[in-house]
Number of protein chains: 2
Amino acid sequence: MTTMKEIAEQTGVSVSTVSLVLNNRDAGRVKPRIAARVRETAQRLGYTSNPLARSLRTGKTRILGFISEEIATTPYAGGIILGAQDAASALGYMLLTVNTDGATNEDDEIATLKRYGVDGFMYAKMSNRYADVPDSLGDYPLVLVDATDRAGQFPSIEPDEFRIAYDATARLIGAGCERIAYVGCSEPMIAQDGRLEGYRRALEDAGRDYDDRLVANVLNNGPALRDVSDLFDRACPDGFFCFNDARAWYVYECAARRGLTIGKDVSVVGVDNHRVFAETFYPQLTTVELPHYEMGYWATCKLVSMIEQRDLHDLALPRTTAPLPPLDAPIPAKIHCTLIEKESVRG
Amino acid sequence: MTTMKEIAEQTGVSVSTVSLVLNNRDAGRVKPRIAARVRETAQRLGYTSNPLARSLRTGKTRILGFISEEIATTPYAGGIILGAQDAASALGYMLLTVNTDGATNEDDEIATLKRYGVDGFMYAKMSNRYADVPDSLGDYPLVLVDATDRAGQFPSIEPDEFRIAYDATARLIGAGCERIAYVGCSEPMIAQDGRLEGYRRALEDAGRDYDDRLVANVLNNGPALRDVSDLFDRACPDGFFCFNDARAWYVYECAARRGLTIGKDVSVVGVDNHRVFAETFYPQLTTVELPHYEMGYWATCKLVSMIEQRDLHDLALPRTTAPLPPLDAPIPAKIHCTLIEKESVRG
DNA sequence: CTGAAAGCGCTAACAC
DNA sequence: GTGTTAGCGCTTTCAG
């Protein structure tokens, strides 16, 4: 690793001059000719800055702490982290990712991240819910991902749950379904509340009555299969909007047991259906892919914008081949899905 | 953040003394009484070391670089990372995780990790295969995870593929299956080669002939379903060993279309079957859970042992509630699965 | 315009 | 036994 000192020696200038030039603070301070020579040697020697040494003076490490509680329990955590990493990489940051199982070790992990000098934190949940931000995070720049701060103190990046459900239900209506069911989640959370409301509103806007006999909110466990089975028996739905892939699987299973074919006898729109299913077994299936990657990406941009006091939308410099959809605009999923940004109250 | 300087001032000693004490290098160098007072103020002020400042002198950051190529494309990446993080945390390290999509940005990401001063690297694949280690990693401590270095230069932590298949097949034999099929992967890789061999050997050890009409090696795509379907038709298997969950799903689907019940008409042992399936729909199913968490955990221990020149098995200090299985010994899965450690040739 | 000097928090020779 | 000193790589006054 070449250092500024080496560049200074080889160019015949002082370290301070090198520092000025290489940080682009040389306008009107260093002679262009000298600056050029410095840059040239830096180039030649393949200089890259040592962010750790820099941080000792500046107090900024360009490291971001990413806190997630269920990295291992869902297949979708990866998407968020990937997006966050790409954005961080494009913006010259690194991600220090930690996992907290419940709240037991959370404060420890946060303390460790602080020791490593992170400039800010992302606090990610794997399904949109209200979250209590640990006190220890209070004095740092912080963005919530797929969650909302219950206290309204911190900004967040989350999917537009209402619209997901509204669009999904509208599509089922458009497909000619008469009895559209919603298989939701019985835990209260933003994702569930927003989607139930979107489902209801889409029905009402189409001049139909909301009928709670068509709704089954279940957990992801044994009794769920029976509950969904009951839903089939009591309401004979011909269309299903499913909260997530696990819920959709109950529907597939119940349909299979009744000899009903997905895409022919019953229509299904699910959120985050596992690709193997959607593509291989049920090509008729309509899926809404939650914008995990985009959430991670935008959350990182947001966080960096807070840290550097820059405008959020100046920061979107995707390095990925596919263009990143703007916040609050349709993103490329099989059904439009919108990302929303919630500002903090105090913001 | 309190510094050594503050501790020194408050205790009335010099910074060097504080440093000696707090690094436990005070034996016979600092008076016990003084050492005790230093420790006491450190405690009182809640001192935690600044690893970045330390690294400037020592050249060691206690940061590990974790390189993975498909963090987002498989639900299992999380398990490996989680295990790696837990081990790192227990050993006083942090993980800097980067994702490389193919080889395009790999060298960039590696360079960045080096700039951040990582002490060593883990290079993880998401299914056991031969890997070409990038040259840029050559001069660092390195452990491969779920992969083997093609050049045999670097150590690796991987599952015992042969034994997975051997045990799975033996279980099917024990369950009374007469015509046991293997639904494998048509890409050549360690996982596939080892499992096919384990399957074959288990049959032979039971005095049966290997019959390639009972084997269908497929990709995870459209034609796969037809190939598995053909397997059903040509060989009428009553037992299946499946390479992974995607392969198992083809079997479920084919069985369902023929009115066959899993666990009654056909027995299935699959690797990494998705939990929702295994537990909710097919409780009769036997699954082999790959030890993802353990791989990440042991790989980290191995890497740290190389960095610190300590014995690997002194390092296993699991912080998790469940005890971590030793290397090369049965681990708690529904079928025993063994982890093996491959030493580097030069090691 | 450029360089010398101080210092971020810490470690490690080397004096005393 | 303990303190002084120098220095890791970098930024940032402040002289000149």
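Keep in mind that this is a model prediction, so the values were computed, not measured. All heavy atoms count here, side chains included; hydrogens, waters and symmetry mates do not. Protein chains get the first letters and strands the later ones, always in sequence-line order, with residue 1 at the start of each.
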Could you state the CZ-C1' distance from A:R62 to D:dC10, rounded to the nearest angstrom?
15 Å
Could you tell me how far apart B:L22 (CG) and C:dG9 (P) are, to the nearest whole angstrom?
15 Å
Could you state the atom-to-atom distance from CD1 of B:I7 to P of C:dC10 in whole Å?
8 Å
Give the rounded distance in Å between these two atoms: CE of B:M4 and P of C:dT11.
4 Å
Can you measure from CG (A:D107) to CG (A:L137) and round to the nearest 0.5 angstrom?
9.0 Å
Without decimals, in angstroms, what is the distance between A:M1 CE and D:dC10 C1'?
15 Å
Report which part of the nucleic acid A:S19 touches: base, sugar-phosphate, or nothing (heavy-atom distance under 4.0 Å, all strands).
base
For B:E106 and B:Y123, which I'm curious about, is there any donor-acceptor pair between the side chains at under 3.5 Å?
yes
B:I7 and side-chain contact (heavy atoms from CB on, under 4.5 Å): which single residue from B:V21, B:L45, B:V13 fits?
B:L45
In terms of heavy-atom contacts, does CZ of B:R25 have more than 12 from other residues, nucleotides or ligands at under 6.0 Å?
no
Grab the N/O contacts between the protein and nucleotides 2-6 of chain C below 3.5 Å, and write none if there aren't any.
unit_1, atom_1, unit_2, atom_2, d
C:dT2, OP2, A:K31, N, 2.3
C:dG3, OP2, A:S14, N, 3.0
C:dG3, OP2, A:T17, OG1, 2.8
C:dA4, N7, A:S16, OG, 3.3
C:dA4, N6, A:S16, OG, 3.0

Under 4.0 angstrom, heavy atoms only, what part of the nucleic acid is B:G59 near: base, sugar-phosphate, or nothing?
nothing
Are B:T148 and B:E158 close enough that a side-chain donor and a side-chain acceptor fall under 3.5 Å?
yes
As a test of reading the structure: which of D:dC10, C:dA12, C:dT11 is closest to the side chain of A:A53, going by heavy atoms?
D:dC10
Return the value, rounded to whole Å, for the distance between atom NZ of A:K60 and atom P of C:dG9.
14 Å
Just one of A:V143, A:L142, A:L144, A:D132 clears the side-chain contact (heavy atoms from CB on, under 4.5 Å) bar with A:D149, so which one?
A:L144
B:R37 CZ to D:dG1 C1', straight-line distance once rounded to whole Å:
14 Å
Pick base, sugar-phosphate or nothing for B:N23, based on heavy-atom distances below 4.0 Å to the nucleic acid.
sugar-phosphate
Donor-acceptor pair between A:T100 and A:N105 side chains, under 3.5 angstrom
no
Has A:R54 got a side-chain N or O lying under 4.0 Å from the OP1 or OP2 atom of D:dT11?
yes
Over how many whole Å does the gap from A:K5 atom NZ to D:dT11 atom P extend?
16 Å
